[in-house]
*Asks:* 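Would you mind keeping the following structure in view while I ask a few things?
Chain naming here is simple, since letters A, B, ... match the order of the sequence lines and numbering starts at 1 in each.
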2 protein chains.
Amino acid sequence: MVDSMVRGDTRTMVLENAKRLFARHGYAGVSVREIARACDIRAASLYHHFPDKESLYLATMEFAFADKAEAIMQAAGPDGSPRERLIRFVTRFTALIAEDRDFRLLLQRELLDGDERRLRLIAEKLFERPFQAIAGLAEALAPACDPHLLAISLAGLILFHFETAPVRRFLPGGRTDHDDPEVIAHHVLALISRALGESP
Amino acid sequence: MVDSMVRGDTRTMVLENAKRLFARHGYAGVSVREIARACDIRAASLYHHFPDKESLYLATMEFAFADKAEAIMQAAGPDGSPRERLIRFVTRFTALIAEDRDFRLLLQRELLDGDERRLRLIAEKLFERPFQAIAGLAEALAPACDPHLLAISLAGLILFHFETAPVRRFLPGGRTDHDDPEVIAHHVLALISRALGESP
DNA sequence: GTCTATATATGGATAGAC
DNA sequence: GTCTATCCATATATAGAC
C-alpha cells in the first residue's frame with residue numbers, strides 16, 4: 001500500500017497522462033495509443049490496467065476530481081462573517097482553478113459532453129456538498145436572493161475569466177495581467193462586494 | 001442568386017446539419033460520414049462542396065457565427081442612459097444565447113479547442129466590435145472599473161447559467177425555471193444593478 | 001506486467017461512372 | 001452534383017509469447 005503510493009505505479013502514471021491529454025483534446029480527440037505513447041508503454045499494456053477506453057476515462061475523471069470537493073467546501077466554509085467568508089471563497093476558489101488547469105478543462109468538457117447519467121453522478125457524488133457550501137455562503141451574503149442562482153453566478157464570475165483567457169488577449173483592452181489569479185479574484189471580489197452594498 | 005437562397009441549396013443544408021453535429025459532439029466527435037448521413041447524401045458528395053473536413057468545419061463556424069456580432073453590438077448599443085443600456089443588453093444577450101444553443105456550444109468548444117490562429121481570427125473578425133460595445137457599456141456603468149474585466153464578467157454571468165444548465169438540475173435548489181432566459185436575465189440584472197449602487 | 005502481432009471497424013479522402 | 005467502389009491510415013481491442 002505504502003510502496004505503491006511512494007513509487008507511483010503504472011496505473012497512476014497512466015491516469016496522470018490521461019488527465020492531461022483528455023483535458024487538452026477531449027475524449028474523442030485522444031486515442032488509447034496516444035495515451036500509451038505518453039506513458040512510454042504499448043497500448044496493449046494499457047488494457048491490462050483498464051478494461052476499455054471509457055473505463056479509463058471514468059477513472060481519469062475520478063482521479064482528476066479527487067479532493068476538489070473537499071477543497072471547495074473548505075473555501076466556502078461557514079467560519080467568520082459573511083464578508084470574511086466571501087473573501088476567503090473567492091481567493092481560494094480562484095487559486096484552486098488557476099493551479100489545476102486540466103481539472104477546469106475536464107469540468108468544462110463534461111458540461112459540454114456529459115450524458116445525463118455522468119452529469120448526475122458528478123453532481124451527486126462530487127458537487128452536491130461543495131455547491132451547498134457555496135449556496136450557504138450566498139444565502140448569508142444576500143438572504144433575499146435565490147441562493148442557487150447566486151451560487152452559480154459566484155462560480156461563473158470566476159470560471160469565465162479562465163475560460164475566455166485564450167481569446168481575451170486578442171480583444172480590446174486585453175492585458176496579460178488579466179490572467180493573474182489575484183487580479184481576477186480582486187475584480188470579482190470588488191464586483192460582488194458592491195452588489196451587496198459594501199465598500200470594495 | 002435569388003433561387004439558391006429561396007430553395008436552400010445543398011451547401012446550406014450541409015452547413016445546418018454540420019452546425020448541429022459539431023456543436024453537440026465536437027470536431028473530433030463527428031465523422032464526415034455522419035454529417036453526410038444527416039443530409040441524406042453520401043460522404044463523397046460532401047467533398048464536392050468542401051475540400052476537406054477542416055474546411056467544412058471552418059465554413060460551419062462562419063455560418064453559425066454570421067450576424068451574431070451585429071446582434072450583440074445592437075444589444076450593447078450606445079442609445080439611452082447607462083441603466084437603460086444595461087437592461088437592454090442583458091435582456092437581448094440572454095435571449096440571443098437562449099435561442100441558438102448550437103451557437104453557444106460551438107463558441108464554448110472553440111474556447112476549449114481553438115488554436116491560436118483560429119482564436120485570433122474569431123476575436124478580430126467576429127468579437128472585436130461587439131466586445132468593444134460591451135466594454136463601452138461597462139465603462140458607462142462603472143468608470144472606475146477596468147472595462148475589459150467588467151465586460152467579461154457581464155457576458156460570463158449570463159453564459160455560465162446556460163453552460164451549467166445540464167448539471168444544475170441535479171444540484172441543491174435547482175429548479176427547471178432557473179433555465180428560463182427571463183429568470184436568468186432578471187437575476188443577472190438585479191446583481192449588476194446592485195453592484196452599481198442602483199436599486200434592483 | 002509488458003511485449004509483438006493481429007483482428008476488425010471506422011476514419012478521411014479519391015477515382016471514375018452516370 | 002451525386003453515386004458506388006475503394007484506398008489507406010488509424011481506431012479500439014484481443015491473443016498469446018515472454
Side-chain angles (χ1 to χ4, degrees), chain A residues 1-63 106 109 113-115 118, chain B residues 1-63 106 109-110 113-115 117-118:
Chain A
M1 191 85 142
V2 174
D3 273 12
S4 73
M5 290 182 64
V6 171
R7 61 185 166 86
D9 51 2
T10 304
R11 187 188 150 93
T12 303
M13 181 190 60
V14 171
L15 289 173
E16 281 165 355
N17 283 294
K19 176 185 171 186
R20 180 173 37 83
L21 289 169
F22 281 137
R24 311 284 168 102
H25 308 292
Y27 181 82
V30 178
S31 68
V32 174
R33 277 205 238 287
E34 280 173 318
I35 296 170
R37 194 185 315 135
C39 302
D40 206 36
I41 59 173
R42 305 297 144 236
S45 308
L46 219 146
Y47 282 91
H48 174 79
H49 301 278
F50 306 92
D52 51 33
K53 186 185 178 182
E54 197 186 338
S55 299
L56 167 58
Y57 177 75
L58 292 175
T60 302
M61 297 298 289
E62 271 192 62
F63 173 77
L106 284 173
R109 290 195 186 278
D113 296 325
D115 57 29
R118 258 201 343 241
Chain B
M1 192 82 142
V2 174
D3 273 10
S4 74
M5 291 183 63
V6 171
R7 63 185 165 85
D9 51 3
T10 303
R11 187 188 150 91
T12 304
M13 180 190 60
V14 171
L15 289 173
E16 282 165 355
N17 283 295
K19 177 186 171 185
R20 179 173 40 82
L21 289 169
F22 281 137
R24 311 285 169 100
H25 307 292
Y27 180 82
V30 177
S31 68
V32 174
R33 279 177 168 85
E34 280 173 318
I35 296 171
R37 194 186 314 134
C39 302
D40 206 36
I41 59 174
R42 305 299 143 232
S45 307
L46 220 148
Y47 282 91
H48 175 77
H49 301 278
F50 305 93
D52 52 33
K53 186 186 179 183
E54 196 187 338
S55 299
L56 165 57
Y57 177 76
L58 292 174
T60 302
M61 296 297 291
E62 271 193 60
F63 174 76
L106 284 172
R109 290 194 186 280
E110 203 56 28
D113 296 324
D115 55 30
R117 188 185 118 266
R118 257 199 346 241

*Asks:* Let me check something: any side-chain donor-acceptor pairs from residues 35-50 of chain B under 3.5 Å, sequence neighbours excluded? List them with distances.
*Replies:*
none

*Asks:* With rounding to the nearest 0.5 Å, note down the distance linking CZ in B/R118 to CG in B/L58.
*Replies:* 6.0 Å
*Asks:* Rounded to the nearest 0.5 Å, what's the gap from CG on A/L106 to CG on A/D113? Could you check?
*Replies:* 11.0 Å
*Asks:* Reading DNA chain C from 5' to 3', where do the contacts with chain A start and stop? Cut-off is 4.0 Å to heavy atoms.
*Replies:* C/dG1 to C/dT4
*Asks:* Near DNA chain C, which residues from residues 30-44 of chain A have a heavy atom under 4.0 Å away?
*Replies:*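 Contacting residues: A/I41, A/R42, A/A44.
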*Asks:* Just by distance, do the side chain of B/S55 and the backbone of B/P51 share a donor-acceptor pair under 3.5 Å?
*Replies:*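 No; judged by distance alone, with no hydrogens or angles, the pair does not exist.
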*Asks:* Please report the shortest heavy-atom distance between A/L21 and A/V30, naming the atom on each side.
*Replies:*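 The answer is O-CG2, 3.2 Å.
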*Asks:* Which pairs pass ring-ring contact (aromatic ring centres under 6.0 Å, His included) with one or both residues in residues 14-41 of chain A, sequence neighbours excluded?
*Replies:*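 Residue pairs with at least one partner in residues 14-41 of chain A: A/F22-A/Y27, A/F22-A/Y57, A/Y27-A/Y57.
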*Asks:* Which salt bridge (Lys or Arg N to Asp or Glu O under 4.0 Å) pairs, counting each pair once, include a residue from residues 10-31 of chain A, with sequence neighbours left out?
*Replies:* A/K19-A/D100, A/R24-A/D102
*Asks:* Going by the rule side-chain hydrogen bond (donor to acceptor under 3.5 Å, both in side chains), which residues pair with A/R33 if we only count those two or more places apart in sequence or in a different chain?
*Replies:*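 Scan of A/R33 (side-chain hydrogen bond (donor to acceptor under 3.5 Å, both in side chains), adjacent residues dropped) gives none.
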*Asks:* Test of understanding: with side-chain hydrogen bond (donor to acceptor under 3.5 Å, both in side chains), list the residues that count as partners of B/K53, not counting sequence neighbours.
*Replies:*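 side-chain hydrogen bond (donor to acceptor under 3.5 Å, both in side chains) check on B/K53 returns nothing, list empty.
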*Asks:* Among residues 16-27 of chain B, which ones have heavy-atom contacts with DNA chain D below 4.0 Å?
*Replies:*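 When residues 16-27 of chain B is checked for heavy atoms under 4.0 Å from DNA chain D, there are no hits whatsoever.
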*Asks:* Spell out, as yes or no, whether a donor-acceptor pair under 3.5 Å connects the side chain of A/R109 to the backbone of A/A23.
*Replies:*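 Confirmed, A/R109 side chain pairs with A/A23 backbone.
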